[in-house]
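One is the number of the first residue; the rest follow in order along the sequence. Each ligand, and each atom within it, is numbered from 1 in the order the structure gives.
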Amino acid sequence: MVEDVHKDDETGALCMADHSSEPTMDTATIQVLVGIPLLIQQFGALFKKNIILSLRNKKAFIGQLFSPVVFILLLVGVEKVLNSGYMSSRTTDVRDPEPLVIPPIPPCETKFYVQLPCYDFAWSGNASPRIQSIVEKIMLNNPGRPIPSIKVKSFKTSDDVNAWLYSEPLHCAAALHFVEKSATVISYGIQTNDSETILRGVTEDPVFKFQLPLQIVADREIARVLAITPKLNWNVELKEFAHPSTEYVSAMASAGWVFLLAITMFPFISQIGSLVAERELKLRQAMSIMGLYESAYWLSWLVWDTVMICIASLLTIIVGIISRFDFFVQNSFVVLFLTFFLFQFSMIGFAFAVSTLLSKSSAANTVGFFVFIVGSLTGMAPSEVVDQFSKIFRILWNFFPPNIFGQEVTKLNTASMTGNGIAWSGINKCPLPGAPCSTMGVSLKWNLANFIVWFLLALYLDNVIPNSSGVRKSVIYFLNPGYWTGSSAGGSTSEIPLLDEKNSDRDEDVLEEERTVRDQMKEDYKMSNDSNIAVQIRGLAKAYPGRTGTYHAVKGVWMNFEKDQLFCLLGPNGAGKTTTINCLIGNIPVTGGDALIYGNSVRSSIGMTNIRRIIGVCPQFDILWPEISCEEHLRLFGSIKGLPPSLLDSIVKEALANVKLVGAAGVRAGSCSGGMKRRLSVAGALLGDPKLVILDEPTTGMDPITRRHVWDVIEYAKKGRAIVLTTHSMEEADILGDRIAIVAKGKLRCIGTSIRLKSRFGTGLVATVSFAENTSRQFPVDGDAVTDEPHHLAVKQFFKHHLNVVPKEENKSFLTFVIPRDKEKLLSDFFDKLEDQKNEFGVGDIQLGLTTLEEVFLNIAKKAEFENALNEGNLVTLTLTSGKKLRVAGIIISFLMVASLQIRSLIPKGANYVGIPKTDSEENPRGVLVEVIWEQDENGFLKMSGHSKEYPVPPNAKIVASNAKPSEDPQPMKASFYQRPTPVSNNKYRVG
Ligand SMILES: Nc1ncnc2c1ncn2[C@@H]1O[C@H](COP(=O)(O)OP(=O)(O)OP(=O)(O)O)[C@@H](O)[C@H]1O
C-alpha cells in the first residue's frame, strides 16, 4: 500500500478513486514508552535535532567554531602592528649603544593630541632684556629649524604661564621659566606634561622629545650670555644602556582580554538565539503538548552547547599555542582549558537565564553586544579596586561571568610574563607566597557556581514568566509538593453556575446538550472505556485580563464530543474556537468550568500529563523548524510521543504516505509550500494513534485536490478515535462533520448534525428551476440578467401566486427561490402542479434542497454579532438612498426631490431589519424598513454588502431594544431595528 502511494506521489498523479492512494492507518494499539526510557529517547531525538539545526545554520555554526582562529590571528596581527611602531631599540638586542645626539626642539604640531594653534614652547621672564635675548638665541639657534616668533608665547611670570596653560590646555609642548637673579646668576625651570602618550602604537616620551632639547639649548644660551662668548661650544650626547630585546609589546597583555571575551560571545549569542527562537515560534509549546519532558529539553541543549564550547576552548588554546603567545605557551594546558571551558559553561547558564527574558530571537545579537561591552569594561577592573567595596557587592560582582573571566585572564597573563605561568599543581597558590590573594582555583570554582546559579534561575524564570500563550506558574510554584510529585490537584468545578432555563434565551439544542452533560456529571459519569464520550466540556470558560477590563473569550460552554466521530467547531473570527482548543490541550489554563478528555481533567496536572499521551494536535499555524525536513519532523514528533524505536521507521513512512509527502520526505520545511506544511502538521497530529485528534483549520492553503485527499485521511482517521476540527470551510464541515457546533462571541449558539442545523437555522428550502432551452449553458453571460422572457415571468408568477415568494437569484438559465419553512406543508401540492405545467413553462429541471450550511453560519454569526453589538454598541454606518417619500423635519418631500438624498444611520453589526427613520406616512403608519445583507470578509468578519429595497414595516413586526450609544456623528439618523417580520403581501424587495 505504501509503495503504491509512493509511486503515485512520484509521478504526481492524484487518483482519488484509486485505492492505492487511500490513506492507511494502523489502528492497532502501540505501546508507547514512558518514564526514563521516554526521557532518554526524547533527549536523543532533541540532541539530534540540535545538531541538525546547528549544522544547517551554516553561518552561525562556522562563526561559532572558527571565531577562536579568527580572533587569535587578529591578535597576532595587532601584536605585529604594536611592535613595528615601538622604539626599535626596545624591540631588538642592543649590545653597543650608539650615542644619541640631542634632537632640536620639535615643532609643536608633532606632539600627540595637540590642539591648534599651538606653540613650540612658552616662557616667562620677559621683563628682563637679557632673558629676552637668551630666548631669541634659543629660537635662532634651533638646529635645522629657526623657530618663528609666532610659535613661541612669552609671559611676565610663571603664574601667568600656569594661568594660560590651565585655560587653554594642550596648546603647548613645554614651558621655560627664567629668573635673572644677578648679573652673574640666571636660573630657569622647565615644565612639561610627563605622561607617556601612545598614538597608533607609537609611544611619545616627553622627556626625550621636549624636555631634554629645551634644557640643553637653555643651558647653552645662558652659558654663552654669562660667559660673553657667543660661539661657546656646548655638546651633550646621551646613550642608553646595553640591553636585550626584553621590552616586547605583548598584545595579549594589553588587548588580549577583549579578544578572548569576543571569542566566547559567539556561542553565547547562538545559545540565546536558539532557545528564544524555539519559544518564539511556539515549537517548544508544541513539543510540550506532545508530552515532552522539560528535563529532556534543557538537557539536550545543555549537552549540545557543552560539546560546542569544548571544541571552541580546545581550538582557542591550540591556535594560541601555534601563534606562540606566552599566555598559551607558559600556562598549563589543563589550566587554560578549564579557564575557557568553565567560563563558557557559566555563560551557558547565563544565556539560558537571559533567554527566558526575551521574546524575539533577533534580540540575541543586541544582548550579546551589550554583555560584551559591559563585560569587557567590568572584567578589566583591577581586583584592588573591587576589593574596596562591601562583601555583598563583591559577591554580586562575581556573579557576572565576564568579571571572573577577567580575573582569570589577568592572573594567567601576569604569570606568563613574570614567571613560568600557572601549572595545574599551582592553581591554589598565590604568586607571592604568604601574601593574601584570590587564586586561580577559586576563580574556577566561581565559574561553576555561576553556572549553577544562572541555570537554576533560568529554570525558575522559565516557569514564572508568561509563555507565548500568557501562561505562567505561581512565583512560589516550587513550594507546592504537587509540583515535585506531579500530583497537583485538579481545579474545583464548584464555580460552575446552575442551569438557568427560565431566563435563558439559548437555543433549545444547546440547552439540551447542557442538560445532558449536567445529568452525566450528577451521575458521576466516569467516561470509562465503554462510554461513548471522548471529551466532555463542562461549563468551560476562559477570560483574559486586559488593560480595559477582563475579556471573556469563552463564556461557559457545555458539550460532549463522541468517539469515532468528527466534531466540527465553527465560528467567525474571534469566536473562541482556538481558545477552547488551547484549554483542551493545556496551552492555557481555564478560568471556569472544566473539560474531561477520556476521563482526565484539564485542570489537573496529572490529567494533563495523561491527556498529552493520547492527543494529537494540528495547530492553527504550522509550528515547524524551517531547517528540518518533513521526515525528520515526523521522526522527532514520534520520538517525543514515545513511539518505540523499532516501529518508528514504518510509522513515519506510513504517515508520509497518508498525506502524500513521500516524495517530499527530505525537503526541509522552510522549502515546503503552505499546503505541504499543513499536510505535515496533519500527519504529525495523527502520528502514534492518538485517541483524540484536534485539527485547527487543517486544510488552510491547500489546493482542492490535496484538500480532498486530506479529507479522506481525516475521514479514515475517525475510526477508533474522536476528532475535533475547526474550519472556516463550510463545505469541509458539511462533508466531514458528524456533529457541528457553531460558537460566536464565546458562546455555543447551536449544535447538531448538518441537516438539523440547516433545517432549524436555514432560511428554508431552496428551489432551483432550470429552463430547458438553456440547460447546456452552465454560466450566465452578458444579458442573462434580462429575465422578462415569457417562461420566466410565468414561473415567477406561479411561485408568487402559490407560495408568495420572489426569486433570490435569476438569470436566463435558472431561477432560485427560497421557500420559507412555514410553507413546507404547501410544497407537495405545489410541486405536483408545477410538474404538470413543466412543459408549458419550458422548465427542464426542478431541484429542491435545504439551505446551505454557509447560510446557517451567517445567520448565527449575524445574530451573535447583533446581540453583541446591541450590548456593546458596535455600530456601522448604513447608507440608504430612499425611493420613498421621506418626512424630514416635518416637511413632506416628494420622491424626485429626495432621490439623491442619502440617509446615513448607525446600526448595530448584524442587524437584519432596519426601519428607516421618519418614513411614517398615512399609507405606511409604521414607516418603511430594509433588510440588510451581510456577508463575511476575507478575514471572516461580518461586512455589510447591501440592502433590499424598502417595504412597509409590517404591523406585527417587533422592535428590538437597543443599547447602542448615541452617535457622535451629527449626520446619522436614529433607526429602529426589527425582528424578522412576517412577509407582507406586496413585498417587492429583492435580496442583493
Ligand atoms: N492571549 C490573549 N489575550 C487576550 N485576548 C485573547 C488572547 N488570545 C485570544 N484572545 C481573544 O479571545 C477571542 C477569541 O480568540 P480565538 O483565537 O479563540 O478565536 P477563534 O475563534 O479561534 O478565531 P479565528 O477563527 O480567527 O482563529 C478573540 O477576541 C481574541 O482577541
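- Taking the ring centroids of W301 and F352, they lie at or beyond the 6.0 Å cut-off.
- Ligand 1 has no N or O atom lying under 3.5 Å from any N or O atom of G571, backbone or side chain.
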Pair E508, R515 - check salt bridge (Lys or Arg N to Asp or Glu O under 4.0 Å), show working.
CA-CA 10 Å; E508 61 193 63; R515 255 183 243 119; over 6 Å; no

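- At a 3.5 angstrom cut-off on N or O pairs, T580 does not count as close to ligand 1.
- When each of R707, R679, H709 is checked for a side chain to side chain contact (heavy atoms under 4.5 Å, CB included) with T699, only R707 meets the rule.
- Ion pairing of E562 with K718 is absent here, as no side-chain N (NZ or NE/NH1/NH2) approaches a carboxylate O to less than 4.0 Å.
- One option in T579, N582, D696 has a heavy atom closer to atom 16 (P) of ligand 1 than any other, and that option is T579.
- Taking every heavy atom of A575 and a limit of under 4.0 angstrom, the matching atoms of ligand 1 come to 19 (O), 20 (P), 21 (O).
- Note on ligand 1: H728 sits in its first shell, one or more heavy atoms being nearer than 4.0 Å.
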Begin from the C-alpha positions of S671 and M676 and carry the test side-chain contact (heavy atoms from CB on, under 4.5 Å) through to its verdict.
CA-CA 10 Å; S671 309; M676 285 160 81; over 6 Å; no

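- Residue-ligand proximity, A553 to ligand 1, at heavy-atom distances under 4.0 Å covers atoms 12 (O), 13 (C).
- Of all atoms in ligand 1, numbered sequentially from 1 with element shown, those under 4.0 Å from a heavy atom of E697 are 25 (O), 27 (O).
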Tell me, with the steps shown, if D509 and R739 meet salt bridge (Lys or Arg N to Asp or Glu O under 4.0 Å).
CA-CA 12 Å; D509 287 350; R739 282 217 307 163; over 6 Å; no

